[in-house]
Amino acid sequence: MRVATWNVNSVKQRMPRLLPWLDQRAPDVVCLQETKLADDAFDALLRDALAERGYQAAAHGEGRWNGVAILSKVGLADVVTGVAGAPGFPHPEARAVAATCGGVRVYSVYVPNGRVPDSDHYAYKLAWLAALRDVLAGEREDLLVCGDVNIAPTDADVFDPAAYVGHTHVTEPERRALTALQDLGLRDVVRDRWPDERVFTYWDYRAGRFHQDLGMRIDLVLASGAVAGRVRAAWVDRHARKGAGPSDHAPVIVDLDTAPDGDIGPVVPPPSARKLPRG
DNA sequence: ATGACTCCAACGTGGAGA
């Protein structure tokens with residue numbers, strides 16, 4: 001089963017990239033963020049295109065900002081929108097949707113940005129993450145939490161740690177909140193697969209940041225142990241960030257072995273993929 | 001360089017993103 005997560009920065013604007021990408025990569029499950037569409041508009045825009053491709057969809061959006069969705073070819077059961085107990089800003093925002101797809105509980109999340117450390121929005125971000133942790137703690141064993149977490153897990157996940165001092169995405173409280181999710185037993189499967197590599201998922205549109213590979217890794221796939229043990233590939237689809245009209249985020253793609261227990265030991269990367277120099 | 005780009009609602013321009 002192929003699972004992907006992609007902050008598309010507007011489904012409407014990304015249609016010329018999203019549909020060819022679905023055909024090219026053929027993911028079974030797609031978690032989308034920043035759809036920026038109300039649910040009726042999402043349905044009107046995508047219903048036919050998704051049906052042609054065999055996808056069901058669970059969208060949770062609003063008119064202007066935010067918005068998440070899950071597309072699935074392998075079932076879409078027990079859809080839940082939002083995070084129980086999470087604060088709003090001040091009203092609840094469309095930042096999470098969950099569904100069971102192919103036997104795995106899948107979350108598509110768009111964590112609040114935080115804007116400026118110690119701001120109200122920053123406090124909102126931390127409180128939202130704490131509520132997410134509490135909900136995930138009650139989830140089933142086979143779990144995937146996918147999305148834009150708006151936190152770089154470590155300094156290796158930003159192109160220049162010094163440039164981010166005093167900014168959100170790298171502060172200790174944010175990283176502790178992310179660690180609290182991982183302490184539930186969730187693995188960061190891309191970093192597990194590429195432990196020493198320069199891997200980013202977001203590059204600012206400005207100043208040729210993508211061309212220079214000056215980015216951040218803030219889009220994650222977190223997997224519970226049983227699912228992490230089934231990972232056979234985990235990578236960032238940089239091709240989708242190239243060319244005309246891209247999102248500022250690239251998709252993350254993860255392939256899972258079909259074995260239900262998946263316990264065939266750790267995955268060892270090929271020699272060519274190890275210890276490459278950074279930069 | 002307090003920049004650089006893109007998106008949304010709305011039709012001019014400010015907020016948000018990260």
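As a basis for the values below, the full set of heavy atoms in this structure was taken, side chains included, without hydrogen atoms, waters or symmetry mates. This structure is a prediction, so every number in the text was calculated from the model and none was measured. Chain A is the first sequence line, chain B the second, and so forth, proteins listed ahead of strands; every chain is numbered from 1.
Under a 4.5 Å side-chain heavy-atom cut-off, the cluster of Ile, Leu, Val, Met, Phe, Trp and Tyr residues that includes Leu222(A) is completed by Val83(A), Phe89(A), Tyr107(A), Val109(A), Val111(A), Tyr124(A), Trp128(A), Leu129(A), Leu132(A), Val135(A), Leu136(A), Leu143(A), Val145(A), Val149(A), Ile151(A), Leu178(A), Leu181(A), Leu184(A), Leu186(A), Leu220(A). The hydrophobic cluster containing Tyr122(A), built from Ile/Leu/Val/Met/Phe/Trp/Tyr side-chain heavy atoms closer than 4.5 Å, also comprises Leu126(A).
The nearest pair of heavy atoms linking Val97(A) to His60(A) is CB-CB, 4.2 Å.
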Side-chain atoms of residues 18-29 of chain A: list all donor-acceptor pairs with protein atoms under 3.5 Å, sequence neighbours left out, distances to 0.1 Å.
from, atom 1, to, atom 2, distance (Å)
Trp21(A), NE1, Asp237(A), OD2, 2.8
Asp23(A), OD1, Arg53(A), NE, 2.8
Asp23(A), OD2, Arg53(A), NH2, 3.1
Arg25(A), NE, Asp237(A), OD2, 2.8
Arg25(A), NH2, Asp237(A), OD1, 2.8
Asp28(A), OD2, Arg2(A), N, 2.8

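Across all strands shown, Gly114(A) has no heavy atoms under 4.0 Å from either base or sugar-phosphate atoms. Across all strands, Asn150(A) comes closer than 4.0 Å only to sugar-phosphate atoms, never to a base (heavy-atom distances). Backbone-only engagement by Tyr110(A) is indicated by non-hydrogen atom pairs under 4.0 Å involving sugar-phosphate atoms exclusively. Residue contacts for Asp148(A): at a heavy-atom cut-off of 4.0 Å it reaches the sugar-phosphate backbone alone, with no base atom in range. Residue Asn7(A) is classed as a sugar-phosphate contact, given heavy-atom separations below 4.0 Å to backbone atoms only.
For the pair Gly245(A) and His249(A), both in contact range of DNA chain B, the more 5′-proximal nearest nucleotide belongs to Gly245(A).
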Next on the checklist: Walk me through whether Thr201(A) and Asp219(A) qualify under side-chain hydrogen bond (donor to acceptor under 3.5 Å, both in side chains).
Outcome noted: CA-CA 6 Å; Thr201(A) 64; Asp219(A) 301 271; 2.6 Å; yes
Next on the checklist: Working note: Val8(A) + Glu34(A), criterion side-chain contact (heavy atoms from CB on, under 4.5 Å); need CA distance, chi angles, decisive distance, verdict.
Outcome noted: CA-CA 6 Å; Val8(A) 291; Glu34(A) 288 207 77; 5.6 Å; no
Checklist entry - Passes side-chain hydrogen bond (donor to acceptor under 3.5 Å, both in side chains), Asp148(A) versus Gln33(A)? Steps please. => result CA-CA 7 Å; Asp148(A) 178 356; Gln33(A) 300 87 38; over 6 Å; no
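With sequence neighbours excluded, the residues forming a salt bridge (Lys or Arg N to Asp or Glu O under 4.0 Å) with Arg47(A) are Asp43(A), listed by chain and number.
Within residues 10-19 of chain A, the residues approached by DNA chain B to less than 4.0 Å at the level of any non-hydrogen atom are Ser10(A), Gln13(A), Arg14(A), in residue-number order. Remark: Tyr202(A), Tyr205(A), Arg206(A), Ala207(A) in residues 202-212 of chain A come within less than 4.0 Å of DNA chain B through at least one heavy atom.
The CD-C1' distance, from Gln33(A) to dG17(B), rounds to 14 Å in whole Å. Leu45(A) has its CG atom 11 Å from the P atom of dC8(B), to the nearest Å. Asn113(A) has its CG atom 10 Å from the P atom of dA16(B), to the nearest Å. dG17(B) atom P lies 15 Å from atom OH of Tyr122(A), rounded to whole Å.
Out of dC8(B), dA18(B), dG17(B), the shortest distance to the side chain of Arg64(A) is found at dC8(B). Residue Trp65(A) has its side chain nearest to dG15(B) when only dA18(B), dG15(B), dC7(B) are considered.
Nucleotides dT2(B) and dG17(B), compared at atom P, are 22 Å apart to the nearest Å.
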